[in-house]
2 protein chains.
Amino acid sequence: MADNAARARQELALLLRRLNVELDAVGQRFADRHGLNRTDVRALVAIMDAARRGEALTAGRLGEAVDLRSASVTALVDRLEKVGHVRRVRDPGDRRRVGLEMSDAAMAAGAEHFGGLAHDLVAAMEGYTDGELDVVRRWLEDMTAVIARHSRGEAES
Amino acid sequence: MADNAARARQELALLLRRLNVELDAVGQRFADRHGLNRTDVRALVAIMDAARRGEALTAGRLGEAVDLRSASVTALVDRLEKVGHVRRVRDPGDRRRVGLEMSDAAMAAGAEHFGGLAHDLVAAMEGYTDGELDVVRRWLEDMTAVIARHSRGEAES
DNA sequence: GTCGATAATCTCGATCGTCGAGATGTTACT
DNA sequence: AGTAACATCTCGACGATCGAGATTATCGAC
């Protein structure tokens, strides 16, 4: 039975990868619908997340978040600004900085797409008890910790 | 308490996204280490998965798997063949087809990187009971189903 | 205040991945 | 044989990204 148990755990790892693929496909679909590429979407998500935390992302910070050089960030922001998804806003306090604000239209589009997914996910969790969801949460946190270590190159065991 | 329950479920959705980001980072790291781009990695994974199922992927099938046109597939396979990760093998039965076989070196590199992750993930599941993992599996399958629907544009409710 | 150091952003030229259109070689059907 | 369907490859163009260097703004020392 130890074999069965190990196999069950491996299957969960595969399930996780399958989920990852599908989740990427959701992002790809959003990109296609709005004529954006993958980097643009990641940038919008980063700006959106920052906005949710009450911060206005600067161009430099955005570059760190999506791992692009300054030249590429300029081009990226140019693209997003041209189609009206973000605005450049000079920081009056430190006039070197350029803040990025999402337009209401972009915010609404993002909320419709990803918010709709979040809504359906929550709905699909209706049938679970609080105790079961606690188990899931603990498992997700454990797996994320392991994956995060690997993504930074700190192999384990 | 209904508020708390709803928030807990939303947090799980966010955890899932966080996990997705970290998992993508693992793939990115593998790409960096081997001088590949994201598409190349996706292609190698697709070939590897097919090999695991005992099938030899053709160039055309690979194009469908990674969603590229034939011209891009040719360039992709050229890149992978140049660095010795795959071989082109004409199908003797249907000589229009070009089969793709991974080199042992590439197979080993992939196994070391992603197999190591799988190993650590399984190890991190040691502390869970079979019953708990059943809950996790059910949850993962439910979430994947919802996400897959969204990735194909079939919105729900 | 003015000068050098620092920081954030932008411009320019080059490289590389992807695509569309069309060419080439292969198989299946009649 | 002749033709349609198929799989892959070649070619030219476009666009995203990068590295190096220029530009503009700020801060601290004197």
Side-chain angles (χ1 to χ4, degrees), chain A residues 24-25 27-47 50 55-83 85-101, chain B residues 24-25 27-47 50 55-83 85-101:
Chain A
D24 279 349
Q28 184 63 51
R29 182 176 155 75
F30 179 80
D32 291 345
R33 276 173 88 85
H34 293 82
L36 304 171
N37 61 36
R38 210 145 183 63
T39 301
D40 296 349
V41 174
R42 292 207 318 165
L44 285 177
V45 169
I47 298 172
E55 309 166 13
L57 220 52
T58 67
R61 296 286 182 191
L62 176 61
E64 294 172 15
V66 297
D67 196 37
L68 288 181
R69 307 302 136 218
S70 70
S72 309
V73 173
T74 298
L76 163 64
V77 176
D78 281 350
R79 286 196 301 274
L80 294 179
E81 195 171 35
K82 176 173 290 184
V83 295
H85 284 149
V86 306
R87 268 190 312 277
R88 281 182 164 93
V89 183
R90 283 275 173 192
D91 183 337
D94 184 344
R95 292 170 45 75
R96 292 173 301 184
R97 285 188 161 80
V98 169
L100 301 173
E101 293 179 358
Chain B
D24 280 348
Q28 183 63 53
R29 180 177 158 74
F30 180 79
D32 291 345
R33 277 173 87 85
H34 294 83
L36 304 170
N37 61 37
R38 247 182 135 41
T39 300
D40 297 348
V41 174
R42 291 208 314 163
L44 284 176
V45 169
I47 298 173
E55 311 166 11
L57 220 53
T58 67
R61 296 285 182 193
L62 176 60
E64 293 172 13
V66 299
D67 197 36
L68 287 182
R69 304 305 136 216
S70 71
S72 310
V73 173
T74 298
L76 163 63
V77 177
D78 283 350
R79 287 197 301 272
L80 295 179
E81 197 171 35
K82 176 172 292 183
V83 295
H85 284 150
V86 305
R87 268 189 313 277
R88 280 182 165 94
V89 182
R90 283 276 172 193
D91 183 338
D94 183 344
R95 292 170 44 75
R96 292 172 301 183
R97 286 191 161 79
V98 169
L100 301 173
E101 291 181 358

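Chain naming here is simple, since letters A, B, ... match the order of the sequence lines and numbering starts at 1 in each.
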Please step through salt bridge (Lys or Arg N to Asp or Glu O under 4.0 Å) for the pair Arg97(B) and Asp94(B), ending with a clear verdict.
CA-CA 6 Å; Arg97(B) 286 191 161 79; Asp94(B) 183 344; 2.6 Å; yes
With side-chain contact (heavy atoms from CB on, under 4.5 Å) as the test, pick out the partner of Ile47(A) among Val77(A), Val66(A), Val86(A).
Val86(A)
What is the distance, rounded to the nearest whole Å, between atom CZ of Arg95(B) and atom P of dT26(C)?
5 Å
Evaluate the side-chain proximity of Leu36(A) to His85(A): yes if any heavy-atom separation is below 4.5 Å, no if none is.
yes
If an axis is fit to five pairs at each end of the helix from dG1(C)-dC30(D) to dT30(C)-dA1(D), what is the angle between the two, to the nearest 10°?
10°
Working note: Leu68(A) + Leu76(A), criterion side-chain contact (heavy atoms from CB on, under 4.5 Å); need CA distance, chi angles, decisive distance, verdict.
CA-CA 9 Å; Leu68(A) 288 181; Leu76(A) 163 64; 4.1 Å; yes
Would a 4.5 Å heavy-atom cut-off, applied to side chains only, mark Arg79(B) and Asp40(B) as touching?
yes
Once base and sugar-phosphate atoms are separated, protein heavy atoms under 4.0 Å mark nucleotides 4-17 of chain D, 5' to 3', with B, S and - as --BSSBB-----SB
Tell me whether Arg33(B) at atom CZ has more than 12 heavy atoms from other residues, nucleotides or ligands lying less than 6.0 Å away.
no
Taking the basic N atoms (NZ, or NE/NH1/NH2) and the acidic carboxylate oxygens, is any pair closer than 4.0 Å for Asp91(B) and Arg96(B)?
no
Any side-chain donor near an acceptor of the partner, Asp24(B) and Gln28(B), under 3.5 Å
no
